[in-house]
Amino acid sequence: MEEKQEIEVIHSWSAPRSLSTSVMYSFAQRDDMEVLDEPLYANFLRVTGVERPYREEVLSKMESDGNKVVKDVIFGPGEKKYRFCKHMAKQRVPGLTDELMKKGKHFILIRNPLDILPSFDKVVPPSFLELGLAGLVSIYTELCELGKPPAIIDSAELQQDPEAALRGLCEDLDIPFQAAMLKWEAGPKPVDGIWAPWWYGSVHKSTGFTSARKYPSPFPPSLYDLLEQSLPFYNMLKRHTRCTSSLLKSPLPRPVLPVPANEKLLAWVGDEIVPRDSAKVSVFDSVVQGGDSVWEGLRIYRGKIFKLDEHLDRLFDSAKALAFNNVPTREEVKEAIFKTLITNGMFDNAHIRLSLTRGKKVTSGMSPAFNLYGCTLIVLAEWKPPVYDNARGITLVTATTRRNSPNNLDSKIHHNNLLNNILAKIEGNNANADDAVMLDKDGFVSETNATNIFLVKRGRVMTPHADYCLPGITRATVMDLVAKENIVLEERRISLSEFHTADEVWTTGTMGELSPVIKIDGRVIGDGRVGLVTRRLQNAYKKLTEESGVPIPTYQKTWILQLPRFT
């Protein structure tokens, strides 16, 4: 018999029906591992008083003092290098010593409740408490606070590629992988807990991790509410899994955000503020079903929202043109904007994508008669400096995609169905240009895929009629500034060659402000540098943004010192 020695403990935390017994059998095959099956079960039964068919037997044969179990059983001396402890999250009840979490190595095993619930009630009626996902989130959070973030493995990975999943888990636990972990003999095991006859029937028939069934069983409608309660906890943990199988992991790496501070933004969706990853609309929403939505872009300067009322005028005009019903009031939209900005602490150098969809439908389909829930309001605020290089200028190419005619879809409706613009933007991307010029049906310049456009020729400023293009609010603001600067302004049909031969060109939009254009279709505009009229209007626009706008309630200028800075 080997001499007892200090042992390194590996804690496995899971919910029922999560392949936790298979994982225990897997670790039991190692030559350096001893295994304990739910050593805290008796303590759980004693403290909670819950009924089980085997309750009295467990209490009579297992130590029911949880802290004695932790000290003498879980962390007691052993004969192998490692001890694997299989725990259910719900068995971590109040009164247990902190040593349980502070010592040893921990990992969490999760499984989609959609797969767990249909087979759950063979012994115990399913409930949120019995499922234990909230407990797993609590365990994950506490371990992170202790500086010991646990590995998280999804049962689906084990079923898809057991060896890759186990190799990854062993790497996270800093123990060598052993091929013996992949197979075991069928039948009951000496390590089984007293409850095995009630719970382990299917796993006793196994000799390894079996593949999931290709098609699931019908989900019982009676468990729908419990599924809805449990999924957010599963999804939160799933975001932190180590994905090893090609089925589960995204083929793309996690992208780096243009402004990293936006990773933890809060957005308004419907009638509440939610974290970025929870900011979602229903698959029944009209914006998903048909791009049936209107939107505005708003920019924030030093505690004020620039041109807020003008943007709201256009939002409500667009909603009316599309015959939206049950539209929120102007004051409700303003309050949602203010609350979103204040909650995020965004008072400068920020941009809002404000959307109002026709709302959720009672069933999928085109007809607005299905929209009986009212509109969906979305306030997406981000830290966002101007998206173009307004100091050195941008380049454009002309797209073959033509701008919509009012005969098809009037651009004066600021709608979310942007495929026409997106097709042109793809052409711009393929040409390595910043944006694409879009022409009308007769070949005259309309706008770019994202902005309005102006040119200067012999001291005169010109811009296309707003027949095919959106009559932008920044466009109108710049037209007013042109007049105030005593510069001649013409609004007329303009051909592409006039832009090619212009002295200066710029684009306008809320996202980019006033952006100089230095090249179109390979033709250098003017001398290839930002022109004098452009600079003059940029300065006038900057001054206007500093002096005007709707103040954000509770804003204090001293808060600006705490805001992110962008380069």
Side-chain angles (χ1 to χ4, degrees), residues 2 4-30 32-109 123-124 129-130 132 135-136 138-140 142-143 148 150-151 169 173 175 184 188-200 203-204:
E2 296 183 31
K4 297 282 187 178
Q5 60 184 351
E6 187 173 346
I7 200 164
E8 187 167 14
V9 177
I10 295 172
H11 303 273
S12 166
W13 296 96
S14 64
R17 320 302 287 176
S18 298
L19 303 190
S20 57
T21 305
S22 295
V23 172
M24 179 179 72
Y25 288 177
S26 172
F27 275 82
Q29 304 313 300
R30 297 176 60 102
D32 57 0
M33 190 79 59
E34 60 182 63
V35 168
L36 295 178
D37 189 5
E38 301 183 41
L40 292 167
Y41 209 148
N43 179 69
F44 167 73
L45 294 176
R46 179 183 64 83
V47 172
T48 63
V50 298
E51 289 298 328
R52 293 291 188 269
Y54 42 79
R55 174 184 169 88
E56 295 308 317
E57 186 179 2
V58 169
L59 288 173
S60 67
K61 294 182 179 180
M62 291 182 68
E63 175 60 62
S64 61
D65 184 324
N67 288 329
K68 284 185 179 180
V69 173
V70 172
K71 180 183 177 182
D72 300 331
V73 180
I74 294 176
F75 293 121
E79 298 173 355
K80 299 286 183 72
K81 185 175 181 180
Y82 302 107
R83 176 177 292 135
F84 179 93
C85 294
K86 172 190 161 193
H87 303 296
M88 293 292 108
K90 63 190 174 189
Q91 293 171 9
R92 184 171 168 264
V93 294
L96 287 173
T97 173
D98 292 343
E99 293 299 299
L100 179 64
M101 306 304 291
K102 290 180 178 178
K103 294 174 64 176
K105 298 174 179 179
H106 300 257
F107 75 92
I108 292 174
L109 178 65
V123 179
V124 178
L129 179 63
E130 291 290 352
L136 287 178
S138 178
I139 289 167
Y140 174 79
E142 184 170 333
L143 288 169
K148 302 172 61 174
L169 178 59
L173 295 172
I175 63 174
W184 52 83
K189 310 290 187 293
V191 298
D192 287 346
I194 294 165
W195 45 90
W198 284 268
W199 290 103
Y200 296 175
V203 73
H204 282 164

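Just so it is clear, the model here is predicted, and its values are computed rather than measured.
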**Item:** Test side-chain contact (heavy atoms from CB on, under 4.5 Å) applied to Asp192 and Trp199, step by step
**Value:** CA-CA 10 Å; Asp192 287 346; Trp199 290 103; over 6 Å; no
**Prompt:** Would you say Glu57's side chain and Ile194's backbone share a donor-acceptor pair under 3.5 angstrom?
**Reply:** no
**Prompt:** Can we say Glu8 and Arg83 salt-bridge, meaning some charged N sits less than 4.0 Å from an Asp/Glu carboxylate O?
**Reply:** no
**Item:** Heavy-atom closest contact (His106 atom, Leu100 atom, distance)
**Value:** CE1-O, 3.3 Å
**Request:** Evaluate the side-chain proximity of Met88 to Pro16: yes if any heavy-atom separation is below 4.5 Å, no if none is.
**Result:** yes
**Asked** Does Glu130 come within less than 4.0 Å of Arg52, counting only side-chain N to carboxylate O?
**Response** yes
**Prompt:** Between Tyr41 and His87, do the side chains contain an N or O donor and an N or O acceptor separated by less than 3.5 Å?
**Reply:** no
**Asked** When rounded to the nearest 0.5 angstrom, what distance separates CD1 in Ile139 from CE in Met101?
**Response** 5.5 Å
**Prompt:** Do Trp13 and Tyr140 meet the criterion of a side-chain donor-acceptor pair at a distance under 3.5 Å?
**Reply:** no
**Asked** What's the verdict on side-chain contact (heavy atoms from CB on, under 4.5 Å) for Val69 and Asn43, showing C-alpha distance, side-chain angles and the deciding distance?
**Response** CA-CA 9 Å; Val69 173; Asn43 179 69; 5.6 Å; no
**Prompt:** What do the steps show when you test Arg92 against Leu40 for side-chain contact (heavy atoms from CB on, under 4.5 Å), and what is the final call?
**Reply:** CA-CA 8 Å; Arg92 184 171 168 264; Leu40 292 167; 6.0 Å; no
**Complete:** Taking every heavy atom of Asp65 against every heavy atom of Arg46, the minimum-distance pair comes out as CA-NH2, 4.3 Å
**Fill in**
All heavy atoms of Ser18 vs all of Leu109, minimum pair found to be O-CD2, 3.0 Å
**Request:** To the nearest 0.5 angstrom, please state how far the CG atom of Leu36 sits from the SG atom of Cys85.
**Result:** 4.5 Å
**Prompt:** Charged N to carboxylate O below 4.0 Å: is that the case for Lys86 and Asp37?
**Reply:** yes
**Asked** When rounded to the nearest 0.5 angstrom, what distance separates CD1 in Ile108 from OG in Ser14?
**Response** 10.0 Å
**Complete:** For Gly95 and Asn67 the tightest heavy-atom approach is O-ND2, 3.2 Å
**Asked** Can you name the one residue among Phe84, Phe107, Tyr82, Phe75 that meets ring-ring contact (aromatic ring centres under 6.0 Å, His included) with His11?
**Response** Phe75
**Prompt:** Given the rule in the side-chain contact (heavy atoms from CB on, under 4.5 Å) test, do Asp32 and Lys80 qualify, once you have shown the distances and angles that lead to the verdict?
**Reply:** CA-CA 5 Å; Asp32 57 0; Lys80 299 286 183 72; 5.6 Å; no
**Message:** So does Phe44 get a backbone contact from the side chain of Thr48, meaning a donor-acceptor N/O pair under 3.5 Å?
**Reply:** yes
**Asked** So with a 6.0 Å cut-off around NZ of Lys148, is the heavy-atom count from everything else above 12?
**Response** yes
**Request:** For Leu45 and Arg55, work out which heavy atoms get closest and say how close.
**Result:** O-NH1, 2.9 Å
**Message:** Please find the pair of heavy atoms, one from Trp184 and one from Val203, that lie closest to each other, and give the distance.
**Reply:** NE1-O, 4.4 Å
**Message:** What's the separation between atom OG in Ser20 and atom OH in Tyr25, rounded to the nearest 0.5 Å?
**Reply:** 10.0 Å
**Message:** Would you compute the distance between atom NZ of Lys81 and atom CD of Glu34 and round it to the nearest 0.5 angstrom?
**Reply:** 14.0 Å
**Item:** Lys105 NZ: over 12 foreign heavy atoms closer than 6.0 Å
**Value:** yes
